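Notes to accompany the following structure.
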Amino acid sequence: MTDDSSWGEAGRPGLVKAVTSVSNPTVKEIRALTQRKRRAETGLFLAEGLKLVADAVDAGWKVETLVVAADMMRHPVAGRVAATARTHGALVLEANNAVMESVTRRDNPQSVVGVFVQRLADLATLDPADATVWVVLEGIRDPGNLGTILRTADAAGATGVILVGDTTDPFGLEAVRASMGSIFNIKVARASLDAFLAWRVGFRGPVVGTHLAGAVDYRTVPYAEPGMLVMGTEQSGLSERLAAACTHLVKIPMAGKADSLNLAVSTAVALYEMRRGKLRL
């Protein structure tokens, strides 16, 4: 059912429409946001699931469209989220199961999907010293790892995550899902290596990178805040230029036969060590 009493203009209540066809143009546009190219073109992205969508709305992220399964419209949380989205001018679609499956590309779809406007911090406007810890990720390719690191950075009280070079998209479905809503809570910035190195010049705190050539146990570094934790990929580690920009190159000791840790795990280990003196658990 279409609510004809609403306007759908910015700053005014949005429309509520029932949609039952997977060939609906709006449904097709939402489905296209699973592709990185389309996300880049539109500046939009998807969040799936009631918790993630509610977290984004509560954090003040701009929602363009909300798709809600018809049987969830009377759910108290889903109803509140839909009402808030509509108040801010979003289109709310009441969808059947076929549409939900089409939008999510899954047989067992989530009951709520939101289309949000991407929000990236501008590195040039950020004060590198105005922070607890910046987590710097060079060339990270795995979206699950990125989402997990965003969640860990949020939990540890880091100020933000800076993506350097050619990286996976932080607004891809898997990364957003793995962040468990933390992508809506901390700053995320993207920069070329040259731009990051120029920004880092004025930073006077410890810049700690994990590196195969690191000879220092990560637990022995004199950490201070603000600080930076710099991580490379599992395959190739840090580039020579970024490693040279670090004040400390460290290693995480391996007691067993494994010669490395998953990137998200090693980031968590090092980040909590950096913040250990500040956290009161």
Side-chain angles (χ1 to χ4, degrees), residues 36 39-40 43 45 118-154 156 158-172 174-176 178-179 182-183 185-214 218 221 223 225-252 260-271 274-275:
R36 183 169 186 167
R39 292 195 299 273
F45 72 103
Q118 296 178 24
R119 184 189 297 176
L120 283 171
D122 182 354
L123 187 65
T125 66
L126 298 178
D127 180 357
D130 183 20
T132 55
V133 176
W134 295 103
V135 179
V136 182
L137 304 173
E138 183 183 31
I140 183 170
R141 307 300 300 172
D142 186 281
N145 272 344
L146 175 54
T148 301
I149 291 170
L150 291 169
R151 183 180 180 185
T152 301
D154 183 17
T159 296
V161 173
I162 302 170
L163 305 176
V164 175
D166 184 17
T167 71
T168 190
D169 184 3
F171 297 109
E174 187 176 347
V176 173
S179 82
S182 288
I183 192 171
N185 300 330
I186 63 174
K187 295 175 182 176
V188 179
R190 277 194 297 217
S192 66
L193 178 56
D194 287 339
F196 172 75
L197 292 176
W199 181 79
R200 180 255 180 273
V201 167
F203 188 73
R204 295 292 177 260
V207 181
V208 180
T210 59
H211 199 279
L212 292 176
Y218 80 106
V221 172
Y223 295 112
E225 294 185 357
M228 289 188 193
L229 174 63
V230 185
M231 307 292 294
T233 65
E234 293 180 44
Q235 292 76 21
S236 55
L238 293 177
S239 65
E240 291 184 7
R241 292 179 67 198
L242 194 50
C246 296
T247 58
H248 303 81
L249 294 177
V250 302
K251 63 181 179 181
I252 299 174
S260 66
L261 290 171
N262 168 274
L263 178 61
V265 173
S266 56
T267 301
V269 169
L271 180 57
M274 290 186 76
R275 298 235 62 219

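Here the structure is a predicted model, which means the values were calculated and not measured.
- For the residue pair L238 and C246, the shortest heavy atom distance occurs at CD1-SG, 4.3 Å.
- Taken to the nearest 0.5 Å, the CG atom of L163 stands 7.0 Å off from the CZ atom of R190.
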Could you pull out all donor-acceptor pairs under 3.5 Å where a side-chain atom in residues 139-149 meets a protein atom, sequence neighbours excluded?
unit_1	atom_1	unit_2	atom_2	d
R141	NH1	D166	O	3.0
R141	NH1	D166	OD1	3.3
R141	NH1	D166	OD2	3.3
D142	OD1	G144	N	2.9
D142	OD1	N145	N	2.8
N145	OD1	N262	ND2	3.2
N145	ND2	E234	OE2	3.2
T148	OG1	G144	O	2.9

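- Contact check for E225 versus V133: side-chain heavy atoms found under the 4.5 Å cut-off.
- At distances below 3.5 Å, at least one donor-acceptor pair connects side-chain atoms of Q118 with backbone N or O atoms of R39.
- The line from OG of S239 to NE2 of H211 is 8.0 Å long, rounded to the nearest 0.5 Å.
- Nearest heavy atoms, A189 versus L126: CB-CD1, 4.5 Å.
- Atom-to-atom distance recorded for L242:CG and L197:CG is 6.0 Å, nearest 0.5 angstrom.
- Between W199 and W134, the two ring planes are perpendicular [angle over 60°; tilted spans 30° to 60°].
- At a threshold of 4.5 Å between non-hydrogen side-chain atoms, the residues L150 and V188 count as touching.
- Residues Y223 and V208 meet the side-chain proximity criterion, which asks for heavy atoms closer than 4.5 Å.
- Distance CD1/I162 to CG/L120: 12.0 Å, rounded to 0.5 Å.
- Nearest heavy atom pair, residue A158 against residue V135, reads CB-CG2, 4.2 Å.
- A side-chain contact (heavy atoms from CB on, under 4.5 Å) with E138 is found for exactly one of V230, L193, T233, namely L193.
- Residues F203 and V207 come closest through the heavy atom pair CD2-CG2, 3.6 Å.
- With sequence neighbours left out, R36 forms a salt bridge (Lys or Arg N to Asp or Glu O under 4.0 Å) with no residue at all.
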Q: Begin with the C-alpha distance, continue with both residues' side-chain angles, and end with the deciding distance and a verdict on side-chain contact (heavy atoms from CB on, under 4.5 Å) for V269 and Y218.
A: CA-CA 9 Å; V269 169; Y218 80 106; 3.3 Å; yes

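- Looking at every heavy atom in both residues, A191 comes nearest to F196 through CB-N, 4.3 Å.
- The two residues M274 and M228 make their nearest non-hydrogen contact at CE-O, 3.6 Å.
- Here Q235 contributes atom CD and S260 contributes atom OG; the two are 9.5 Å apart, rounded to the nearest 0.5 Å.
- Listed by chain and residue number, I252, M254, V265, S266 satisfy the side-chain contact (heavy atoms from CB on, under 4.5 Å) test with L261 (two or more places apart in sequence, or in another chain).
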